[in-house]
Structures are given as C-alpha cells and as structure tokens.
Undergrad: 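Here's a structure for you.
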Amino acid sequence: MSSSNKPRFWKPGTSAPGEDIVEERKSETVVTSSYNSNASLPILQQRERLPIYKYRNNILYCVEKFQTTIIIGETGSGKSTQLPQYLLEIGYGKHGYMIAVTQPRRVACVSLANRVADERGSMIGREIGYRIRFDDCWDENETKIKFLTDGMLIREIMNDPILRQYSVIVLDEAHERSIQTDMALGLMKKILKKRKDLRIIISSATLDAQMFFDFFNTNETEDKSKDTVVIMPVEGRSFPVDIHYLVDPCQNYVKETVNTILKIHKTEPPGDILAFLTGADEIEFALTELIEATRDMSSKYQKMKVLPMHASLPAGHQLKVFQKTPHDTRKVVLATNIAEASITINGIVYVIDCGFVKMMAYNPEAAISSLVITKVSQASAVQRSGRAGRVRAGKAYRLYTESDFEKLPASQTPEMQRCDLSPAILQMKALGIVNLVKFDYIAKPPAQNMLQAVELLYALGALNNKCQLVEPDGVRLAEMPLHPTFGKMLLAAVEMGCTEEMLTIAAMTQIQNVFLNVPNEKHKVEKAKRLFSAVEGDHLTLLNIFIAFDENNRSQKFCRQYYLNYKGLLRALSIRQQLRNVLTKFKLPIESCNGNGRTVRQCITKGIFVNAAKLHHTGIGVYKTVKDGHELHIHPTSVLYREVPPQWVVFNEVVKTNKEYMQDITVIEPEWLHTLTSHYYQFGTNREISEKRAKIC
DNA sequence: GAGCACTGC
C-alpha cells in the first residue's frame with residue numbers, strides 16, 4: 001500500500017484497475033469485449049470469463065486486509081453472483097459462519113440465489129439460500145451464502161445486534177440509498193467497532209464511493225497506510241451509448257417524447273425504444289398520440305408496437321413488455337421510473353429520457369408527504385441511458401440541453417432526508433439506539449423531520465417523554481411490519497375486541513391497487529367499486545371487499561368479475577397472516593366484534609387521530625385538519641368522494657397533486673377525539689405543544 | 001369537486 005497523498009483507488013499492480021476506468025465511466029462510453037458467447041462452456045469456464053474474475057485475487061486481498069471494501073461495480077461485471085462465491089471459496093463460510101448479500105428488492109434476492117445455486121450445482125435452500133418477507137428459503141445447518149433484502153437484515157440485527165452468524169456482509173446496490181440501506185450502513189459501522197473480525201463489502205456507483213469511504217474509514221491520522229477502507233473499481237460489460245442532447249430546451253417533454261420516438265422510428269435502424277416519463281397519465285397521452293401517428297404512417301416503415309409500463313398496470317399487461325416482437329416490428333415501451341432499476345427489458349437500443357421523475361417529498365411542518373415532479377439527477381440520467389447499451393451499441397436522447405444536464409444535482413437526495421421517519425426511528429429505538437441525534441447517519445435527516453417523527457411516536461405511546469421505548473407497546477409496534485399508526489390500530493383493536501376486523505383492514509391498506517387499473521374500462525371499474533362501498537368510509541369498504549373475497553373462496557374468477565386485484569388480495573392475505581402471527585407471538589387475544597363498525601372506527605381513530613379533519617363551512621368539500629387547520633380535500637378514489645361530505649373524518653395519508661387530498665378516509669364522531677385520544681387533543685394549544693417538544697428532545 | 005413515482009418489513 002503506498003502512502004502517497006491520494007491512495008483512494010487501490011493499484012496493487014499492472015493487472016489491477018485504476019482511475020482510468022473511473023474516468024471512462026464518466027464519459028459513459030465503455031467499450032468491452034464480446035457479449036455472452038459463453039453459453040455452451042462449462043460453468044467454471046463461464047465464471048472465469050466474467051469481467052470480475054480478473055479482480056478476484058485483488059478483491060480477496062482487500063477483504064482480508066481491510067475491514068471495509070468498496071467495490072465500484074459496473075453493470076454486467078458479475079459481482080453480485082461471483083463475489084459471494086469467491087468469499088466462500090477462500091473460507092468465509094467455515095466455522096459455522098455465513099456470507100450475507102443484501103439487495104434492495106425481493107426479486108433480486110430470489111433470482112440471484114437461484115443463479116448462484118445453479119452455478120454451484122446445488123439445490124436452492126441448502127448451501128445457497130435466501131430470506132425475504134413471506135419466503136424463508138435457507139437452512140440453519142447448511143446455508144453458507146444467504147441473499148436477503150436490506151429490510152430483512154435490519155430485522156435480523158434486532159434479534160442479533162452484532163450479527164454473530166456472519167463473517168462477511170455484502171451490501172449490494174448501496175448507491176440506491178433507500179432508507180433501509182442507509183440504516184443498514186449506519187448500523188454496520190456500529191457493529192464493526194464491536195466485531196473486528198467482521199468484513200463489509202459495499203457495492204456502489206462511482207459517485208458515492210468517496211462518501212462511503214469517508215464514512216467507514218476510522219483512520220484519523222494522515223498516514224494512509226492505516227486506512228481501514230479501500231476502493232476497488234471493477235469494469236463491467238456493456239456497450240457504448242451515444243448521448244444526444246437537445247440544442248434548445250423543449251416546452252412539453254411528453255410531446256417531445258412522441259416526436260423523438262417517431263423520428264427514431266423513421267430514420268434509425270431496427271432496435272427497440274424505451275422512453276421514460278413520470279406517470280401513468282403522461283404515458284397514456286403519449287400512447288394515444290403514437291397510435292394515432294402510426295395509423296396513417298407510410299407502409300415503407302417498420303411496424304411499431306407501443307406498450308405502457310407502470311406499477312399500477314395489471315400484471316398481465318405488464319408482462320407484454322417482455323415479449324419479443326416479430327422481426328418487422330419495433331417495440332416501443334413507455335415507462336415510469338420502474339424501468340430505471342426495478343425491471344430490465346431486453347433488446348433496448350434507444351432510450352429517451354424526459355429528464356423528470358415523480359418523487360416523494362415530505363413537509364415536516366405539516367407532516368404531509370407529497371408526490372412532486374422533479375428533475376432527475378445526473379446519476380439517474382446515466383442509469384437511464386445505460387439501459388440502451390445492454391445488447392449492442394445504443395443511443396440515448398436526453399430531452400434537455402447539455403448545459404442543463406451539467407446543472408442537475410449529481411445524485412438524488414437520499415430517502416432518509418425526504419420522508420416520514422417515524423417507522424425508521426421506532427426501529428432504531430428497538431435496536432437500542434439511545435441518542436437519535438448522535439447516531440452515525442451516512443446522511444443526517446433534517447432535525448424537523450426527526451422531531452415530527454418523535455412527536456408522533458410519543459403520541460402513539462411508543463416512546464415516553466424521555467424518548468425511550470415504552471414497554472410493552474413500543475416493542476410490539478416495532479415488531480410489526482407496519483407503519484406505527486397502523487400498528488397502534490391493531491393494539492387498540494386488542495383492547496376493544498375487534499382484532500379479526502383490524503387485521504384485515506391493516507393488511508388491506510398495505511396493497512396499492514385494490515382494484516385493477518384496466519385502460520378503457522374505467523367506468524366498469526367505478527361501478528364495481530360502488531358495490532362494496534360502506535357509508536362509514538374507505539376502511540370499512542376495504543373490510544367489505546376482503547370479506548367478499550373470502551366468502552367467494554378467494555377465487556380468481558370472483559376477482560375478475562369485479563375488477564379486483566387478485567394478486568394484491570393474495571398479498572393482503574399473507575400480510576394478514578403475518579400480522580396475526582405477531583399478535584400470537586405476544587400472546588394477544590384475537591377476537592371479532594361481529595361486524596360492529598362503530599367499534600372498528602373507534603380503533604382506527606386511536607391509530608390515526610393525528611390525521612383528523614373537520615368539514616369547513618366555506619366552500620364545498622373543503623376540510624381543515626384539527627391539528628393545525630391545514631386545508632385538505634377528499635381524494636377522488638375515496639368512496640366518500642361522491643357522497644354528501646361527512647362532518648368529521650380521519651385519514652391514512654395526504655397525497656398532493658393539484659390539491660392536497662386525503663386518502664383512505666373514515667367518518668368519525670368528534671367526541672371520540674376527546675374520549676379516545678385525550679392525551680393528544682386535550683392539551684393541544686400551541687404553547688403546550690412547544691413545551692412538550694422541548695421536553696421530548 | 002376529478003386522480004394514482006417506486007420499493008421494503
């Protein structure tokens with residue numbers, strides 16, 4: 001190890017990668033060797049041909065020597081499948097230890113585990129396993145490599161604070177910076193202090209590597225040879241992508257997207273197109289325009305098949321984007337951000353990036369989350385254009401000028417700094433973190449967001465006025481895989497004897513689309529919705545839907561008939577079962593109130609009393625929050641939207657689009673706010689609230 | 001009065 005001024009990138013010898021590769025990545029044109037011509041080779045030889053193979057010994061040397069290794073892994077390097085195997089091969093799976101590999105998403109865990117098991121010729125769940133919510137597939141005695149989600153790792157830390165079963169933790173895709181990843185990073189730093197033998201490998205994009213380095217490096221001297229962290233860049237295997245910018249900024253990126261698609265179609269050689277837009281409505285607009293344009297297009301051009309892709313589409317419609325189109329047809333996929341990292345569509349050669357994304361923002365003063373269209377980061381733009389270089393050289397069209405690109409933020413604000421922190425803070429308390437302010441965050445959340453979260457947890461009875469976890473309720477709430485407000489509803493239901501009903505409601509609020517979003521059949525979907533609606537509001541409507549589903553043998557046919565999301569309802573069933581298990585674990589009674597809607601609504605109030613609103617006498621359908629008079633409206637998806645507006649309501653959350661809308665609303669009686677939640681509203685003057693604040697923090 | 005980025009436990 002040299003002790004020069006800048007040993008940020010390790011250069012052990014001529015075969016090791018250096019900064020030149022990092023430079024190359026910046027220019028976004030990475031030229032590499034032949035693509036996957038290895039299919040017929042024996043597995044070992046295939047593995048040896050992956051780009052990461054030539055770094056094998058260097059990486060293993062780093063892992064031995066440094067407590068933390070940061071790998072800058074490009075797409076197609078093979079790191080996620082090979083790295084854990086290298087570690088296993090040199091003995092990190094010995095003496096009963098396991099190697100953990102975390103992923104932000106469930107599907108990635110399952111598919112990676114299966115691929116690695118395949119390569120090793122073993123059955124999944126034996127030597128190689130995975131652990132995700134609702135699906136445990138590993139063996140306590142046999143498993144050596146365990147793929148798990150970031151969230152699952154945090155749950156494991158709750159039961160084993162120093163992760164004694166593991167010899168190495170690989171945090172893959174750390175640059176995505178989800179709240180779970182950030183928490184895991186902070187916790188790992190803590191664990192490393194107590195376990196000098198533990199090794200951590202962080203796989204990240206170039207941009208964040210230096211920050212991760214500084215975060216984990218415990219060397220406080222100038223002597224670089226005492227660093228505890230090392231950065232290893234590993235080249236990938238992708239094709240060059242030509243970046244095209246607009247000369248002048250465009251007025252309407254949706255129209256510009258349509259025009260660009262048509263231009264590519266008419267002037268560029270065959271190859272599928274992927275266009276990024278921000279939401280379903282934009283996608284639908286572009287879809288209609290394109291279908292119209294292709295209708296009167298000259299037959300000298302190829303045919304064109306345009307497909308929408310976003311999360312609220314029924315699964316059947318989503319699958320269409322993965323189907324191959326005939327040779328004479330060009331596939332055009334109009335997608336939301338779902339195609340940036342979550343799904344990969346094969347055969348894309350042209351990418352269009354509108355330069356915007358819908359992102360969750362959090363207003364801590366009003367405790368309101370809202371979806372806003374924001375400019376993408378440079379990192380996102382690079383990720384999007386990279387989607388064009390997976391099969392052969394491609395082209396990316398950025399619908400903004402090059403100078404606008406330069407002005408974009410380098411990377412997106414981490415989730416930790418722009419969302420409701422109450423679930424995260426509750427978890428941290430359950431993990432035994434005494435001082436929330438002193439916790440080593442990789443990105444410190446705004447003080448105001450933390451304060452808001454602590455106050456909510458205090459109001460829910462999860463934390464006391466010394467900011468300590470309350471026994472037993474706080475512990476129970478932390479254990480539940482739910483937002484603490486929903487957890488509180490369940491605990492209230494235990495007291496009031498309606499857990500059966502509340503388990504259903506809590507589970508049902510966790511699924512995004514209860515009804516299918518079938519294009520062209522919106523009217524029929526609306527009609528079906530009305531069949532289940534309860535005058536008391538959305539929560540009891542969700543209960544009605546689940547009961548109907550259950551009484552009709554949970555059949556797919558029933559769901560199809562009423563435009564219900566079958567997969568979603570099955571998911572609700574699993575969530576319900578999991579929540580039921582948690583209650584059983586705590587030996588809490590599971591009872592039914594036999595359809596007493598009043599009792600159920602009272603329990604709901606006990607969970608989301610903070611979100612209470614009263615109909616305002618001015619204007620139609622205007623509500624004001626009880627807490628601070630913030631103006632709100634009933635969301636069009638609510639069953640109460642078409643009804644005579646009720647006087648008093650509680651709601652799950654606010655979505656801000658043109659206006660601020662309440663979602664999942666239940667009608668309440670105003671007395672409940674005093675009788676059931678007096679601890680919150682009785683002392684609700686501003687002066688007293690600020691006194692309370694001073695006390696908590 | 002008229003709307004729904006994406007994950008995860």
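Quick note on labels: first sequence line is chain A, next is B, and so on, each numbered from 1.
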Undergrad: Classify A:His310 by what it touches in the nucleic acid, base, sugar-phosphate, or nothing, heavy-atom distance under 4.0 Å.
TA: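 Sugar-phosphate: the residue A:His310, judged by heavy atoms under 4.0 Å, touches backbone atoms but no base.
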
Undergrad: Please enumerate all residues that pass side chain to side chain contact (heavy atoms under 4.5 Å, CB included) together with A:Thr288, with sequence neighbours excluded.
TA: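 For A:Thr288, no residue satisfies side chain to side chain contact (heavy atoms under 4.5 Å, CB included) once neighbours in sequence are set aside.
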
Undergrad: Identify, with sequence neighbours excluded, every residue that meets ring pair (Phe, Tyr, Trp, His ring centres under 6.0 Å) alongside A:Tyr397.
TA: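 Applying ring pair (Phe, Tyr, Trp, His ring centres under 6.0 Å) to A:Tyr397 gives A:His244.
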
Undergrad: With sugar-phosphate meaning primed atoms plus P, OP1 and OP2, does A:Gln427 contact a base, only sugar-phosphate, or nothing at under 4.0 Å between heavy atoms?
TA: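 It contacts nothing in the nucleic acid.
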
Undergrad: Please work out which residues in residues 408-423 of chain A have a non-hydrogen atom less than 4.0 Å from an atom of DNA chain B and list them by number.
TA: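 Per residue number, the list is empty: none.
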
Undergrad: Checking A:Gln510 now: which residues fulfil side chain to side chain contact (heavy atoms under 4.5 Å, CB included) with it, not counting sequence neighbours?
TA: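 With neighbours one apart ignored, the set is A:Leu482, A:Phe486, A:Ile575.
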
Undergrad: Output the single nucleotide from B:dA2, B:dC9, B:dG3 whose closest atom is nearest the side chain of A:Ile132.
TA: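 Of the options given, the side chain of A:Ile132 lies nearest B:dC9.
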
Undergrad: Could you check how far CZ of A:Arg133 sits from P of B:dT7, rounded to whole Å?
TA: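 It works out to 15 Å between those atoms.
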
Undergrad: Cut-off 3.5 Å, no hydrogens considered: what does the side-chain donor-acceptor table look like for residues 471-480 of chain A, sequence neighbours left out?
TA:
| from | atom 1 | to | atom 2 | distance (Å) |
| --- | --- | --- | --- | --- |
| A:Glu479 | OE2 | A:Lys585 | NZ | 2.5 |

Undergrad: For A:Gln577 and B:dC9, give me the distance from atom CD to atom P, rounded to whole Å.
TA: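 Computing the A:Gln577:CD to B:dC9:P distance gives 17 Å.
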
Undergrad: In whole angstrom, what separates A:Ile154's CD1 from B:dC9's C1'?
TA: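 Those two atoms, CD1 and C1', are 9 Å apart.
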
Undergrad: With a 4.0 Å limit, can you tell me whether A:Thr149 has a side-chain N or O closer than that to the phosphate oxygens OP1/OP2 of B:dT7?
TA: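 Negative; the distance criterion is not met.
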
Undergrad: Less than 4.0 Å between a side-chain N and a carboxylate O, is that true for A:Asp172 and A:Lys79?
TA: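 A salt bridge is present here (some side-chain N lies under 4.0 Å from a carboxylate O).
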
Undergrad: Between atom CE in A:Met662 and atom P in B:dG3, what is the gap in whole Å?
TA: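 Nearest whole value for this atom pair: 15 Å.
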
Undergrad: Would you indicate what A:Arg155 reaches in the nucleic acid, counting non-hydrogen atoms under 4.0 angstrom: base, sugar-phosphate, or nothing?
TA: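 Base, at least one base heavy atom under 4.0 Å.
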
Undergrad: Would you say A:Lys522 places a side-chain N or O within less than 4.0 Å of OP1 or OP2 belonging to B:dA2?
TA: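 Checking A:Lys522 against B:dA2: no side-chain N or O falls below 4.0 Å of OP1 or OP2.
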
Undergrad: Nearest heavy atom decides the nucleotide; on that basis, is A:Met152 or A:Asp281 closer to the 5' end of DNA chain B?
TA: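 Residue closer to the 5' terminus by nearest nucleotide: A:Asp281.
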
Undergrad: For a quick test of reading the model: is some side-chain N or O of A:Tyr661 closer than 4.0 Å to OP1 or OP2 of B:dG3?
TA: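 Indeed, a polar side-chain atom of A:Tyr661 lies that close.
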
Undergrad: A:Arg106 near the nucleic acid: base, sugar-phosphate alone, or nothing, with a heavy-atom cut-off under 4.0 Å?
TA: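 Sugar-phosphate only.
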
Undergrad: Can you figure out which of B:dA2, B:dG3, B:dA5 approaches the side chain of A:Met360 most closely?
TA: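 From the listed options, B:dA5 comes nearest.
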
Undergrad: What nucleotide, of B:dT7, B:dA5, B:dA2, holds the atom closest to the side chain of A:Lys358?
TA: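 Among B:dT7, B:dA5, B:dA2, the one nearest the side chain of A:Lys358 is B:dA5.
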
Undergrad: What about A:Tyr562 and A:Phe532, are their ring centers closer than 6.0 Å?
TA: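 Close enough - the centres of the two rings lie under 6.0 Å apart.
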
Undergrad: Hey, does A:Thr637 reach any base, or is it just sugar-phosphate, or nothing, if we go heavy atoms under 4.0 Å?
TA: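 Here A:Thr637 touches the bases of the nucleic acid.
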
Undergrad: How many Å lie between CZ on A:Phe276 and C1' on B:dA5, as a whole number?
TA: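 These atoms are roughly 13 Å apart.
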
Undergrad: Taking only side-chain N and O atoms of A:Ser178, does any of them lie within less than 4.0 angstrom of OP1 or OP2 on B:dC6?
TA: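 So the side chain of A:Ser178 is outside the cut-off, no N or O lying under 4.0 Å from OP1 or OP2 of B:dC6.
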
Undergrad: If you assign each of A:Gly151 and A:Ala311 to its closest nucleotide in DNA chain B, which residue comes earlier from the 5' end?
TA: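 Closer to the 5' end of DNA chain B: A:Ala311.
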
Undergrad: Within this structure, what is the CE-to-P distance between A:Met183 and B:dT7, rounded to whole angstrom?
TA: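 Value for this atom pair: 21 Å.
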
Undergrad: Strictly below 4.0 Å, N to O, side chains only: are A:Arg105 and A:Glu176 in salt-bridge contact?
TA: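 Salt bridge present between A:Arg105 and A:Glu176.
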
Undergrad: Looking at the side chain of A:His635, which of B:dC6, B:dG1, B:dG3 is the nearest nucleotide?
TA: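 Among the listed nucleotides, the one closest to the side chain of A:His635 is B:dG3.
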
Undergrad: The side chain of A:Ile338 lies closest to which of these nucleotides: B:dT7, B:dG3, B:dA5?
TA: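 Nearest to the side-chain atoms of A:Ile338, counting from C-beta on, is B:dT7.
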
Undergrad: Once you round it to whole Å, what is the distance between P of B:dG3 and CZ of A:Phe285?
TA: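 Rounded to the whole Å, the gap is 16 Å.
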
Undergrad: State which residues pass side chain to side chain contact (heavy atoms under 4.5 Å, CB included) with A:Asn363; sequence neighbours excluded, sorted by chain then number.
TA: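 Partners of A:Asn363 under the side chain to side chain contact (heavy atoms under 4.5 Å, CB included) test: A:Glu365, A:Ala366.
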
Undergrad: Without decimals, in angstroms, what is the distance between A:Leu640 CG and B:dG1 P?
TA: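 For the pair A:Leu640 CG and B:dG1 P, the rounded distance is 17 Å.
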
